[in-house]
Amino acid sequence: MSSSTQKSPVIVITGTPGTGKTTHAELLAQESLIPLKHINVGDMVKENGLYVEFDEEWQSYTVDEDKLLDELEPLASAGGIILDWHTCEIFPERWADLVVVLRCDHTKLWERLEKRNYPLKKIQENNEAEIMEVVLDEARSSYPQEIVVELRSEGTEDLESNVARIVQWIESWRKDREA
Ligand code: DAT
């Protein structure tokens with residue numbers, strides 16, 4: 001949230017399932033010089049019952065968006081969070097200070113999703129979404145261009161450099177607010 005009183009940013013890490021959001025968010029929470037709470041939105045939906053139903057065919061929860069937004073609002077207002085989710089367009093624009101979209105080569109992504117034992121059609125759907133840049137388009141149409149960053153997440157070198165870059169970004173965000 002871009003309020004001048006907020007001391008810690010809201011960082012959205014998004015991307016197709018399997019691109020590395022949780023891996024990035026966990027490392028970022030460890031490496032950040034300020035405390036950041038990692039919110040795995042998918043887990044929150046499950047654990048807090050923020051869904052309408054479980055879709056057996058797609059093996060996924062149909063999210064109750066109003067309930068989810070109500071639950072997240074106070075956390076986003078306070079700042080100092082990493083929102084880790086495969087979509088970002090439902091979050092109000094005013095929440096996000098930085099939106100990171102992770103990208104991965106589709107054959108590599110396919111292997112990662114196979115390891116999760118997803119149904120074949122769910123692997124196909126996600127693979128296609130990655131090729132079609134669905135999440136990137138969503139981010140670009142939902143947030144100002146200058147806060148959306150597309151980063152490659154294919155190996156550990158990418159992971160480490162991406163996290164270092166976000167840590168740097170947080171530090172300059174804080175300096176701007178001190179000035
Ligand atoms: P997501 O949260 O986007 O669904 P994840 O963080 O659970 O993805 O990662 C899926 C798998 O891929 C997991 O075994 C870790 C691996 N992975 C993701 N990004 C990676 C990277 N940049 N380097 C190495 N492994 C990565």
Side-chain angles (χ1 to χ4, degrees), residues 9-32 36-48 50-51 54-63 65 68 71-72 75-76 80-91 95-143 147-170:
V10 172
I11 297 167
V12 174
I13 300 187
T14 190
T16 309
T19 48
K21 299 178 294 293
T22 300
T23 312
H24 277 72
E26 283 172 353
L27 188 63
L28 177 61
Q30 270 176 42
E31 307 245 310
S32 169
L36 286 179
K37 184 179 162 59
H38 169 203
I39 300 174
N40 182 322
V41 178
D43 287 352
M44 181 187 243
V45 165
K46 266 184 260 171
E47 285 158 18
N48 300 2
L50 310 173
Y51 50 85
F54 181 71
D55 186 324
E56 287 290 341
E57 191 185 350
W58 288 93
Q59 293 289 303
S60 67
Y61 289 89
T62 308
V63 175
E65 294 186 2
L68 174 62
E71 188 109 349
L72 287 174
L75 299 167
I81 58 169
I82 307 164
L83 289 172
D84 156 8
W85 208 25
H86 57 81
T87 179
C88 61
E89 64 186 352
I90 79 154
F91 303 142
W95 281 10
D97 295 294
L98 178 69
V99 178
V100 175
V101 183
L102 296 179
R103 303 299 311 279
C104 182
D105 167 71
H106 68 95
T107 45
K108 195 163 211 128
L109 187 70
W110 188 287
E111 287 164 17
R112 289 181 187 170
L113 295 178
E114 259 182 344
K115 284 196 191 135
R116 284 187 175 169
N117 296 320
Y118 275 6
L120 180 61
K121 68 177 190 171
K122 192 166 165 176
I123 299 179
Q124 283 167 336
E125 192 207 29
N126 283 311
N127 203 58
E128 202 169 298
E130 183 59 16
I131 293 167
M132 303 292 288
E133 308 193 329
V134 171
V135 183
L136 183 64
D137 281 352
E138 230 183 69
R140 287 190 173 145
S141 56
S142 308
Y143 299 94
I147 72 161
V148 177
V149 187
E150 178 187 9
L151 296 175
R152 192 181 57 188
S153 168
E154 290 171 6
T156 42
E157 279 178 21
D158 297 329
L159 169 67
E160 283 161 13
S161 70
N162 292 342
V163 168
R165 193 168 155 184
I166 303 168
V167 169
Q168 281 302 310
W169 177 91
I170 295 169

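What you see is a predicted model, and the numbers here were worked out from it, not measured in a lab. Order of appearance sets the numbers: ligands from 1, and atoms from 1 within every ligand.
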Trainee: Rounded to the nearest 0.5 Å, how far does CG of Asp158 lie from CZ of Arg103?
Mentor: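 Taking CZ in Arg103 and CG in Asp158, the distance rounds to 13.0 Å.
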Trainee: I'd like to check the side chain to side chain donor-acceptor pair (under 3.5 Å) partners of Tyr51; sequence neighbours left out, ordered by chain and number.
Mentor: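 By the side chain to side chain donor-acceptor pair (under 3.5 Å) rule, Tyr51 matches no residue at all.
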Trainee: Using a 3.5 Å distance criterion without hydrogens, assess whether the side chain of Asn162 forms a donor-acceptor pair with backbone atoms of Arg152.
Mentor: yes
Trainee: Could you tell me whether Lys21 and Asp84 have a side-chain N and a carboxylate O separated by less than 4.0 Å?
Mentor: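 No salt bridge links Lys21 with Asp84.
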Trainee: Within the 3.5 Å criterion, strictly below it, is a donor on Glu89 or Ser141 matched to an acceptor on the partner's side chain?
Mentor: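 Distance-only check fails for Glu89 and Ser141.
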Trainee: Could you name the protein residues that come within less than 4.0 Å of ligand 1, counting only heavy atoms, and order them by chain and residue number?
Mentor: Thr16, Pro17, Gly18, Thr19, Gly20, Lys21, Thr22, Thr23, Arg112, Arg116, Ser153, Glu154, Gly155, Thr156, Leu159
Trainee: Is the backbone N or O of Cys104 less than 3.5 Å from a side-chain atom of Glu130, with the two atoms forming a donor-acceptor pair by type?
Mentor: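 A pair under 3.5 Å: yes.
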